[in-house]
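If you're wondering where the values come from, they're calculated on a predicted model, not measured in any experiment. Counting convention: from 1, in listed order, for ligands and their atoms alike.
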Amino acid sequence: MPRFVEVIVTTGAPQPYTYRVPPPLDGRVVIGARVLVPLRNQKVTGVVLRGDVTPPPGVRMSDVSEVLDGDAPALTGELLDLCAWMAEYYEAALGEVVKAALPVGTGVGARVVIALTETGQAAVDGEGAALPDKQRDALSRLARGPLAVTAVGAKLKAQLEPLIARGLVEEREERDEARVRPKREQVVALAVGVDVAALTAIISRAPKRRAVLAALGASAAGGAMAIAELERQVPGARAALKELAKAGYVTLGEREAAVEAVAIGSAVTDAFGGGAIPTLTDEQARAVGEIVDAMRAGAAAEPTTPPTADGARPKFVPFLLHGVTGSGKTEVYLRVIAETLAMGRTALVLVPEISLTPQLAARFRARFGDLVAILHSGLSESQRLAEWTRLRRGEASIAVGARSAVFAPLSNLGAIVVDEEHDGSFKQDESVKYHARDVALVRAQRAGAICVLGSATPSLESYAHAERGTYRRLVLAQRPTARSAMPVVDIVDLRTYLADGDAMLSAPLRTALVETLAAGDQAILFLNRRGFATFVLCRACGYSFRCKHCSVSMTYHRYSDRLSCHYCNASAAVPDTCPDCKTTGAIERKGLGTEKVADAIALEMPTARVARLDRDVATGSKIEAILGRVARREIDVLVGTQMVTKGHDFPGVTLVGVLCADTGLTLPDFRASERTYQLLAQVAGRAGRGERAGRVIVQTYRPTAPAVVAAAAHDYGAFFAAESEARAELGYPPHGRLIAVRIDGKQSAEVVSTANRLAQLAEMLARRPECAGVEVRGPVPAPIERLRERTRWQIWLRAADRHALRRVARGVAAAEPGAGVRVGLDVDPMSAL
Ligand code: ADP
Ligand code: ZN
């Protein structure tokens, strides 16, 4: 009886297909295994969803071609269920979700092509000349490279057939191998029932073979041993093994090779690693206690409380660890995880951008060593696969990583921590638009794990849950040592205090900076704009330099002496003459960026060691290097973009200056105020973490904006109250749910007409009784209307009830868009841009 399986292919298919399992592969085609399957004239990577399906009678199913996994399936049933939930919730194709869950670079593909044979190759210049014209053309077309059979039209096919008959051209399979794959190694083990002592007596005249047997007998009670290792112990073992295998004394095999933990840069471990384990404060101890109790209760309850129909377990209450900056949230995570491991379970820690917070990874490694696997985009694909493999094999039991680490292959999950849960980078903004925090909550709930969301500045959604009691709030109101109180924040009104000099420092900020440096302390200056000048214009006619492909101004970078678009990376030279009015010498560089601030401070304060941290100077390991220098106090002033606001813990920093608090406030985005509050509170939290008190100076044109005032007062409650009220009026989250319909395409007219048509459809659907309460806003052009040569429009759907909302969104997404127009749904959108 042949077996049939359901496979979801990772090319964006919404539905699985059925394949037959050829007998030789039977044992290995298990649920969650990656397989290569034929699909039209290609072969693609897929994952087995169901193991025993009955195909409709009379339909011939193709065979699974290959099993791509080594010793264990790539995805567990638990992760497949999570993928299915995501596909449903985010209105995404299951194949896309599954692809996101697999480690990058491991996909395999193959396609059938028509190509020249060797004889054909030789014939191109030689005997090919004697062929009829059209056949000769076909031959020379293939001389430029193989063609996918799918790309061969009927006419060309007719010309190719005689060439195939003559052996000049053939159909063959061309494979795209995985870019990375786990290393395998040759192993050997004693055959079952072999008694080493008895055997060595018999073959006493072959010392090499005796030595090999002795080594195998001594290795982990006769378990399999890597041949490379055996060869190290007994040089020449390989040759002896052949004869032993022939005699049936040993068996040879293959397995995935052991993987080493990815090292984290020494710059980081030297600067941040280690440190004694502190005694918990009362607040910390209470938080750890509550979380651990819940985990114990959950573990105890697990067998007796099966999931309900929708996968939910009763009594799943996530924790919101609301701790002010520097209150020691990381220590709480570390203790909770130590308990998790002690219970024999595993843990997952999600962080916004691990390359920005090497400190956190270093603290985890310092506490738990190689049990920690690190997953983030700064690693190479093969390093990521190695860390992933260690987790899957249970060699590592703590995964620390950014967004996609939510799919870490951990079994028996006991705890999930989402650090800085408010951070926008948890939302994936292309392909499947998932929010890793929300996926983490679902994963924890289904796995019977506890989930801790940590932040000093919780998202409005999470805090509202805590207010309603659906999350349990744990508070760390104090920094752990009496010395490190919260810093004092002063607001400087830029309308009255004209900031002067190139660096735009007001007198109070300048004085504070000079004092800080004189005291031998360090300062952080924050400005959320990189580059030298953020817009460039002609003084004579007002012409401004904008990107040709996007509707944004270009930024001038002095280092490269070029204009650059921060959205599509297009770049251009700055001319002397205005391209519009032809005036020469009237081009002005306006608007302040971090490059200019850093340059100006270095000029004004020549003894200060100034460094810059933004995307222009720092990517990957360079970020770690700069942060390491700050930690070692080799830098006095660090100037940077939001990269400086992240969880850094530098005891030497006593001054934080915010050059312009309101750069983000004017964005046409309902989260603008929340994001500003978070940035200000977070950057302020970098000051005064050590022995000496910290101070913060915030320069702003809007000194009365609630986000600015509340951040200065360290008053999250006040911010939440004001912002929550403002959102209630418009029904924005947490008071309602949103789905953004994003419409884009190269042809503006098509995009606009599709947007209008879909908005009308949405209005119509919203009038149905089952869609009551859905409000349609738009269509409107996106704030950045043109991006990479595509015009972008949006329709916003809002409702209190998510089922009604979803019905309208589905109806809209199912409609046929205009030619060349893409329509995508963004469930729980994080940004309007
Ligand atoms: P958060 O993540 O809440 O901003 P961190 O976890 O970075 O704060 O902790 C801030 C600093 O306080 C770190 O240097 C950490 O080592 C230290 N710390 C944490 N808990 C304690 C404690 N119980 N006693 C002393 N120092 C502590
Ligand atoms: Zn651009």
Handout entry: Side-chain heavy-atom pair E331, P480 within 4.5 angstrom cut-off
Key = no

Practice task
State the CZ-NZ distance between R822 and K746, to the nearest 0.5 angstrom.
Solution key: 9.5 Å

Completion exercise
Contacts satisfying salt bridge (charged side-chain N to carboxylate O under 4.0 Å, His left out) that involve residues 523-538 (not counting sequence neighbours) are R530-D616

Problem - Environment of the Zn ion (ligand 2) in terms of protein N/O/S atoms, cut-off under 2.8 Å - result: C547 SG, C550 SG, C565 SG, C568 SG

Practice task
Tell me whether the guanidinium CZ or amine NZ of R437 lies under 6.0 angstrom from the six-membered ring centre of F426 and within 45° of its axis.
Solution key: no

Completion exercise
Interatomic distance, CD@E723 vs OH@Y463, rounded to 0.5 Å, equals 14.5 Å

Fill in the blank from the handout: Residues at least two apart in sequence or cross-chain that pass salt bridge (charged side-chain N to carboxylate O under 4.0 Å, His left out) with R790, listed by chain then number, are D744

Fill in the blank from the handout: Those residues with a heavy-atom separation under 4.0 Å from ligand 1 are P278, T279, L280, T281, Q284, V324, T325, G326, S327, G328, K329, T330, E331, R363, P480, D649, R689

Problem - Within 6.0 angstrom of Q428 CD, more than 12 heavy atoms from elsewhere - result: yes

Completion exercise
The ring-ring contact (aromatic ring centres under 6.0 Å, His included) partner of H322 among Y716, Y471, F720 is Y716

Handout entry: Y567 atom OH, over 12 foreign heavy atoms within 6.0 Å
Key = no

